[in-house]
Trainee: 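Let me give you the structure first, and then I'll get to my questions.
As a basis for the values below, the full set of heavy atoms in this structure was taken, side chains included, without hydrogen atoms, waters or symmetry mates.
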Amino acid sequence: MILQSPYRAGLTALCALVLSACAAPQKDISLIPTQTADVTSKDGVFTQPLQYERQKPGCKGDCPRLKVDSLIFPGNKALTDYVDQQLADMTQFDGTYTAQASVSDFTDYYWVHAGPRDEVILSSKVRYRNQHLTVLELGAWQYLTGAAHGMGEIRFINWDNQKKQALTLKDIVKPNQVPAFIEKLQQAHQRWLATQEAAQENPTEYNRLWPFQPSDNIALTDAGVVVKYNSYEIAPYSSGQPELLIPYPELRGILHPAYLPR
């Protein structure tokens with residue numbers, strides 16, 4: 001019988017402890033590294049451009065047009081399909097249109113129902129990314145024949161690269177903290193109003209016409225959570241698509257720790 005020395009026994013126990021710690025899941029890992037976008041944008045999923053511009057086949061003269069300036073993700077079918085589905089869902093260009101399952105399906109529908117000068121532009125771009133997250137900004141701009149101007153919609157996607165799924169506001173915010181998030185968003189809205197000349201000229205009238213409203217159209221970035229509104233939601237068309245930023249320090253205790261840089 002070989003007796004183990006106290007030193008050797010202690011060393012064995014320490015090694016076992018270290019190995020078990022390494023094997024344990026890192027529940028507190030941050031998905032938002034404390035880095036700038038210039039650094040983190042080099043990591044994450046691989047992208048390729050998807051770009052084309054077409055007019056209705058066989059059409060001459062004034063013809064409906066479609067332009068796509070988007071992205072595909074080689075080796076990541078789930079994200080490629082999700083972006084395609086979301087863009088198709090954003091193309092409700094007339095009162096009778098039912099959202100299609102893909103951009104290809106929408107294109108077929110569009111050539112049949114579009115007016116002679118109708119135009120649709122679909123886009124997607126990377127807003128922020130790192131090895132854990134891919135944050136995309138999707139856009140759909142549509143002009144209908146005879147309209148005073150075109151209309152656009154912006155939609156964010158916060159994609160978890162490991163889980164291969166899109167994150168919602170409720171995934172990112174702690175339980176029961178959505179009201180606190182909305183309060184911070186309202187404060188960001190007040191900061192934005194201070195930069196708007198029309199809002200400063202007559203605050204009472206501006207707030208009556210364009211009151212604050214919450215939104216779950218959020219993007220995780222290196223600087224904080226960005227919330228984007230579409231035209232006419234909180235401001236007139238001339239203001240474009242307002243973008244509000246809530247810095248991460250204001251969101252401590254509100255967001256899950258995984259979505260705070262540290």
Side-chain angles (χ1 to χ4, degrees), residues 37 41 44-129 133-159 166 215-219 221 226-243:
S41 65
V45 299
F46 180 60
T47 66
Q48 284 185 345
L50 175 65
Q51 299 173 328
Y52 57 86
E53 188 169 357
R54 299 171 183 167
Q55 71 175 29
K56 182 178 179 179
C59 179
K60 296 181 180 180
D62 291 332
C63 300
R65 303 187 67 84
L66 172 66
K67 180 179 180 180
V68 174
D69 184 7
S70 187
L71 297 169
I72 58 175
F73 307 89
N76 195 331
K77 185 176 185 301
L79 181 52
T80 297
D81 289 348
Y82 189 75
V83 169
D84 186 53
Q85 293 161 6
Q86 290 295 303
L87 285 174
D89 185 62
M90 295 166 69
T91 53
Q92 301 187 33
F93 76 102
D94 66 23
T96 63
Y97 175 67
T98 301
Q100 304 293 304
S102 68
V103 172
S104 177
D105 290 341
F106 164 73
T107 302
D108 293 340
Y109 180 95
Y110 178 60
W111 295 146
V112 173
H113 297 276
R117 297 181 181 177
D118 286 3
E119 185 176 2
V120 173
I121 300 175
L122 304 177
S123 65
S124 65
K125 64 180 181 180
V126 175
R127 184 62 188 255
Y128 171 78
R129 67 178 174 181
L133 298 170
T134 302
V135 181
L136 303 171
E137 181 176 315
L138 275 55
W141 182 88
Q142 303 163 76
Y143 172 78
L144 302 182
T145 303
H149 53 70
M151 287 294 295
E153 178 186 354
I154 294 294
R155 186 178 297 183
F156 287 130
I157 294 175
N158 300 273
W159 186 262
S215 173
D216 61 358
N217 190 31
I218 68 170
T221 74
V226 169
V227 182
K228 196 153 190 170
Y229 290 85
N230 292 305
S231 299
Y232 294 119
E233 288 186 333
I234 61 170
Y237 184 82
S238 59
S239 296
Q241 294 163 311
E243 191 170 285

Trainee: Ignoring hydrogens and geometry, is there a side-chain-to-backbone donor-acceptor pair from Asp84 to Val103 under 3.5 Å?
Mentor: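 Yes: the side chain of Asp84 pairs with the backbone of Val103.
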Trainee: Atom CZ of Phe46 and atom CG of Leu71: how far apart are they, to the nearest 0.5 Å?
Mentor: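 Rounded to the nearest 0.5 Å, the CZ-CG separation comes to 11.0 Å.
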Trainee: Which residue is it: Gln55, Glu119, Glu53, Arg54? I am looking for the one with a side-chain contact (heavy atoms from CB on, under 4.5 Å) to Lys67.
Mentor: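 Of all the options given, the one that passes is Glu53.
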Trainee: Say you draw a straight line from CD of Glu243 to CD1 of Ile154; how long is it, rounded to the nearest 0.5 Å?
Mentor: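 If I round to the nearest 0.5 Å, the distance is 9.0 Å.
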Trainee: Identify, with sequence neighbours excluded, every residue that meets ring pair (Phe, Tyr, Trp, His ring centres under 6.0 Å) alongside Tyr232.
Mentor: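 Scan of Tyr232 (ring pair (Phe, Tyr, Trp, His ring centres under 6.0 Å), adjacent residues dropped) gives Tyr237.
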Trainee: State, to 0.1 Å, how close Ser231 and Met151 come at their nearest heavy-atom pair, and which atoms those are.
Mentor: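 Closest heavy-atom pair between Ser231 and Met151: CB-CE, 4.3 Å.
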Trainee: Over all heavy atoms of both residues, which pair between Leu87 and Ser123 is shortest? Give the atoms and the distance, please.
Mentor: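 Taking every non-hydrogen atom into account, CD2-O, 3.4 Å.
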Trainee: Flag the pair Ile218 / Val226 as yes when at least one side-chain heavy-atom distance between them is below 4.5 Å, and no otherwise.
Mentor: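 Counting from C-beta outward, Ile218 and Val226 never come under 4.5 Å.
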Trainee: Rounded to the nearest 0.5 Å, how far does CG of Leu144 lie from CD of Gln142?
Mentor: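 Separation between the atoms: 7.0 Å.
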Trainee: Has the side chain of Lys125 got a donor or acceptor atom that lies under 3.5 Å from a matching backbone atom of Glu137?
Mentor: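 Looks like no, no N/O pair under 3.5 Å.
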Trainee: Once you round to the nearest 0.5 Å, how far does OG of Ser124 lie from CG of Leu50?
Mentor: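 Separation between the atoms: 8.0 Å.
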Trainee: Is the shortest side-chain heavy-atom distance between Asn76 and Thr134 below 4.5 Å?
Mentor: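 Side chain of Asn76 against side chain of Thr134, heavy atoms only: no contact under 4.5 Å found.
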Trainee: Please give me the minimum heavy-atom distance between Gly115 and Asp118, naming the atom from each residue.
Mentor: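 Nearest heavy atoms, Gly115 then Asp118: N-OD2, 2.7 Å.
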Trainee: Would you mind listing every ring-ring contact (aromatic ring centres under 6.0 Å, His included) that reaches into residues 63-82, with sequence neighbours excluded?
Mentor: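 Counting only pairs at least two positions apart or across chains, the ring-ring contact (aromatic ring centres under 6.0 Å, His included) contacts touching residues 63-82 are Tyr82-Trp159.
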Trainee: Please check if atom NZ in Lys228 has more than 12 non-hydrogen atoms from other residues, nucleotides or ligands closer than 6.0 Å.
Mentor: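 Count over threshold, so yes.
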Trainee: Tell me, please, which residues at least two apart from Asp81 pass salt bridge (charged side-chain N to carboxylate O under 4.0 Å, His left out).
Mentor: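 Lys77.
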Trainee: Could you check whether any side-chain heavy atom of Leu66 comes within less than 4.5 Å of a side-chain heavy atom of Phe106, counting everything from C-beta outward?
Mentor: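 Yes - at least one pair of side-chain heavy atoms lies under 4.5 Å apart.
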Trainee: What are the two closest non-hydrogen atoms of Tyr143 and Arg117, and how far apart are they?
Mentor: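 Closest approach of Tyr143 to Arg117: CD2-O, 3.5 Å.
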Trainee: Is there a donor-acceptor pair under 3.5 Å between the side chain of Asn230 and the backbone N or O of Gln241?
Mentor: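 Side chain of Asn230 to backbone of Gln241, a donor-acceptor pair under 3.5 Å: no, none is there.
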Trainee: Measuring only between side-chain heavy atoms, which start at C-beta, is Thr47 closer than 4.5 Å to Arg129?
Mentor: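 Of all side-chain heavy-atom pairs linking Arg129 with Thr47, at least one is under 4.5 Å.
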Trainee: As an exercise, state the distance from CG of Asn158 to OG1 of Thr221, rounded to the nearest 0.5 Å.
Mentor: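 That separation rounds to 10.0 Å.
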Trainee: To check you understand the geometry: which heavy-atom pair defines the closest contact between Thr91 and Ala88, and what is its length?
Mentor: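 Distance-wise, the nearest heavy atoms are OG1-O, 2.5 Å.
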Trainee: Looking only at atom types and distance, does a side-chain atom of Tyr229 sit under 3.5 Å from a main-chain N or O of Ala235, one as donor and one as acceptor?
Mentor: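 Looks like no, no N/O pair under 3.5 Å.
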Trainee: Distance-only, no hydrogens or angles: does the Tyr110 side chain make a donor-acceptor pair with backbone N or O of Arg65 under 3.5 Å?
Mentor: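 Here the side-chain-to-backbone pair exists.
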Trainee: Begin with the C-alpha distance, continue with both residues' side-chain angles, and end with the deciding distance and a verdict on side-chain contact (heavy atoms from CB on, under 4.5 Å) for Ile157 and Val135.
Mentor: CA-CA 6 Å; Ile157 294 175; Val135 181; over 6 Å; no
Trainee: Rounded to the nearest 0.5 Å, how far does CE of Met90 lie from CZ of Arg155?
Mentor: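 Between Arg155 CZ and Met90 CE, I get 5.0 Å after rounding to 0.5 Å.
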